[in-house]
Visitor: 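What follows is a structure written as structure tokens; I'll ask about it next.
Reminder, nothing fancy here: chain letters follow the sequence lines and each chain counts from 1.
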Amino acid sequence: MTRAPTWLLSAILAVVLLALWEGAVRLFAIPVIVIPPPSAVAAALWQGFGNGELVANFWITLAEVVLGFIAGAAFGLVAGALIGLFPLLERTLYPYIVAFQTVPKVAIAPIFVVWFGFGIASKVVITATIAFFPVLANTIMGLRAAPAEQVDLMLALTASRWQVLRMVRFPQALPYVFVGLDVAIVLAVIGAIVGEFVGAQGGLGFLILQHDFNFDMPGVFAILVLLSALGTGLHWIVTATQRRVVFWLHDPAHRTIGA
Amino acid sequence: MNAAAGLAPPLIRARHLFKTYPARDGTPVAALSDVSFHVGHGEFVTVVGPSGCGKSTLLRMICGILPAGEGELALRGAPVTGPSASVGVVFQSPVLLAWRSVLDNVLLPIDVQRRGRTAYLPRARELLAMAGLSQFEGKYPHELSGGMQQRVAIVRALIHDPDLLLMDEPFGALDAMTREQMNLDLLRLWRGSGKTVMLVTHSIPEAVFLADRVIVMSPRPGRISEIVTVDLPRPRRLAMMATAEFGRLTETIRAHFGAHGEFDA
Ligand SMILES: Nc1ncnc2c1ncn2[C@@H]1O[C@H](COP(=O)(O)OP(=O)(O)O)[C@@H](O)[C@H]1O
Ligand SMILES: [Mg+2]
């Protein structure tokens, strides 16, 4: 099957599902505050964009997600590199990191809000702690991915330890790092929303709570649509970057760790 | 050829070499036992023996990536203490770096040894041309066939003009036709280069076809059973494999392994 028909099928599927949804809601007269029909959600989206409410809060959440992702990924990369390169750190430090990872982030989110306030800072911190681990775990794994033969070859060529790292181990780790980044970007959106649920002055998660409070289901669903678009867009950016950077990986063995 | 008679030390000299791998669990593995031989400057020596008889161990010790065991192992008279920049290595798999183009893979030794790319670019192109890879210098390894990848590996091993080439079953993963062609190409590259080659193989005919001398090894623990001198004229041609002399030499070697059936070729 060629690409175009698949694409078309997917679009037709969406239209059919939306029509079924709309029809079912009308046929069974389901109240809007239980399940809103797609037409009402579309209207809420239109209205939200019109009065600027969605856009303003979208920027807040996007900022939290991007800043938290960058901070978490940066820490994950550095810590992963250190742990991956120094086995002593893996035996001494890594167990504590794993122990921290097992604590549900939802449970520590209120603490971060107390520490860093109701503004964007606490959300960035929460997002960063969630984005951190997948990048860390995959970086550690990636630094071990170099086949022994490649290292032997480098040593036989009189390469220094640093040259082996730079010319073999780092490039070899990149596919793994991107798997971690991809998991992290999707988790980052969750992290920001969790943070906003716990206590915030703005953002799409904050907006969800407000609409929920007013029984405005179409408004809530409109935000969910926007959040899904945000997550998909960010995932697409990471994947597109991965394809350019790790261009040699024509058959990516997608191994996911630490989600 | 056999330069042992000269005053200069042979290129490789191994005397009463032993190597035991430490026990991870249970008993230590004796990989080499009382191995003595020498390889002269410009000689083409092959090492043949069944799996596990210590061929790779020997080669890895000579290229300095495996600590020497007991006994004496010297390159140009100096004990081997680590890798040397004047040695080229080829392993059974091409071990190309996927993110480097063919040309960049070939220039890897130049980058590692900081020799300066510009000075070696003409040589890289010349070697790639000799290996029939001129149109492929910008390609990436995954775009090449297995035989082409191994050619790149051989060109890479030669780029810094080493005087010793160590090859560990370099054609073991290739089909029979490609393998014969690679043998001929290797001899063509070697002839007149003055380089010394030590090549490990699984195949008795290949060992005889390529070599001035064949070191025959037997397993458990790895020791040398015989060193067979091959007096076939050079340049070698595939037709020589049908001669009585070639048959006699392969039979001599095969006799060391009896009916164990450990050899495929
Ligand atoms: N790193 C190692 N640790 C322990 N034993 C090893 C190691 N490498 C090889 N051996 C053992 O040493 C023996 C010789 O191995 P090797 O040199 O690879 O043989 P060959 O290349 O002739 O097949 C084998 O019994 C093998 O299992
Ligand atoms: Mg071997």
Side-chain angles (χ1 to χ4, degrees), chain A residues 77 80-81 84-85 87 90-91 138-139 141-182 238-255, chain B residues 56-57 59-67 75 80-102 104-115 139-144 152-154 156-160 162 164-170 173:
Chain A
L77 266 175
L85 298 181
E90 180 171 25
R91 290 193 294 272
N138 281 285
T139 304
M141 180 103 171
L143 285 171
R144 303 232 169 93
E149 273 190 323
Q150 284 185 4
V151 177
D152 280 351
L153 173 78
M154 291 297 284
L155 294 178
L157 291 174
T158 69
S160 66
R161 191 177 142 83
W162 169 243
Q163 283 180 318
V164 176
L165 277 178
R166 188 164 55 82
M167 295 182 180
V168 171
R169 286 202 198 275
F170 287 158
Q172 202 67 259
L174 278 178
Y176 292 80
V177 170
F178 270 100
V179 170
L181 291 176
D182 198 18
V238 171
T239 310
T241 313
Q242 184 245 20
R243 256 190 245 114
R244 294 193 58 133
V245 176
V246 195
F247 62 91
W248 64 88
L249 205 72
H250 45 290
D251 181 23
H254 266 294
R255 290 149 93 176
Chain B
S56 296
T57 300
L59 227 62
R60 288 163 59 81
M61 277 169 69
I62 298 171
C63 71
I65 55 176
L66 186 69
L75 269 186
V80 175
T81 52
S84 153
S86 56
V87 172
V89 285
V90 180
F91 298 112
Q92 177 167 3
S93 65
V95 206
L96 301 179
L97 303 181
W99 49 91
R100 281 180 172 244
S101 67
V102 164
D104 287 342
N105 266 290
V106 165
L107 290 169
L108 182 70
I110 304 307
D111 292 346
V112 167
Q113 296 168 11
R114 298 197 175 85
R115 289 166 183 256
K139 298 266 186 222
Y140 285 84
H142 68 262
E143 300 172 289
L144 270 53
V152 175
I154 293 170
R156 177 184 60 196
L158 293 171
I159 182 68
H160 55 301
L164 174 60
L165 188 58
L166 298 172
M167 310 177 90
D168 192 353
E169 303 197 37

Visitor: What heavy-atom pair brings A:Phe247 and B:Trp99 nearest, and what distance separates the two atoms?
Guide: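 In this case the closest contact between A:Phe247 and B:Trp99 is CZ-O, 3.8 Å.
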Visitor: CE of A:Met154 to CG of B:Leu97: how many Å apart, nearest 0.5 Å?
Guide: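 Result: 7.0 Å between the selected atoms.
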Visitor: I'd like to verify something: which residue of A:Ser160, A:Pro171, A:Pro147 has the highest number of heavy-atom pairs under 4.5 Å with chain B?
Guide: A:Pro171
Visitor: Can you give me the closest heavy-atom contact between A:Leu157 and B:Gln113, atom names plus distance?
Guide: O-NE2, 3.1 Å
Visitor: Relative to chain A, which of B:Gln92, B:His160, B:Arg156 shows the most heavy atom pairs under 4.5 Å?
Guide: B:Arg156
Visitor: Between A:Met167 and B:Leu108, which heavy-atom pair has the shortest distance, and what is it?
Guide: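 Heavy atoms only, the tightest pair is SD-CD1, 4.1 Å.
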Visitor: Are more than 12 heavy atoms from other residues, nucleotides or ligands located less than 6.0 Å from atom CZ of A:Arg144?
Guide: yes
Visitor: Going from CG on A:Asp152 to CD1 on B:Ile65, what distance comes out if it is rounded to the nearest 0.5 angstrom?
Guide: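 Going from CG on A:Asp152 over to CD1 on B:Ile65, the span is 4.0 Å.
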Visitor: Tell me the closest heavy-atom pair linking B:Val95 and A:Leu153, and the distance in Å.
Guide: O-CD2, 3.8 Å
Visitor: Any idea which heavy atoms bring A:Trp248 and B:His142 closest together, and the distance?
Guide: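 Looks like O-ND1, 3.8 Å.
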Visitor: By a 4.5 Å heavy-atom criterion (distance strictly below it), what part of B:Leu166 contacts chain A: side chain, backbone, both, or neither?
Guide: neither
Visitor: Given heavy-atom pairs under 4.5 angstrom as the criterion, report whether the side chain, backbone, both or neither of A:Gln163 touches chain B.
Guide: side chain
Visitor: Can you say whether A:Val168 sits under 4.5 Å from chain B via the side chain, the backbone, both, or neither, judging by heavy atoms?
Guide: both
Visitor: What heavy-atom pair brings A:Ala156 and B:Pro83 nearest, and what distance separates the two atoms?
Guide: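 Looking at all heavy atoms of both residues, the shortest contact is O-CB, 3.7 Å.
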Visitor: Tell me, for B:Ser84 versus chain A, whether the close heavy atoms (under 4.5 Å) come from the side chain, the backbone, both or neither.
Guide: backbone
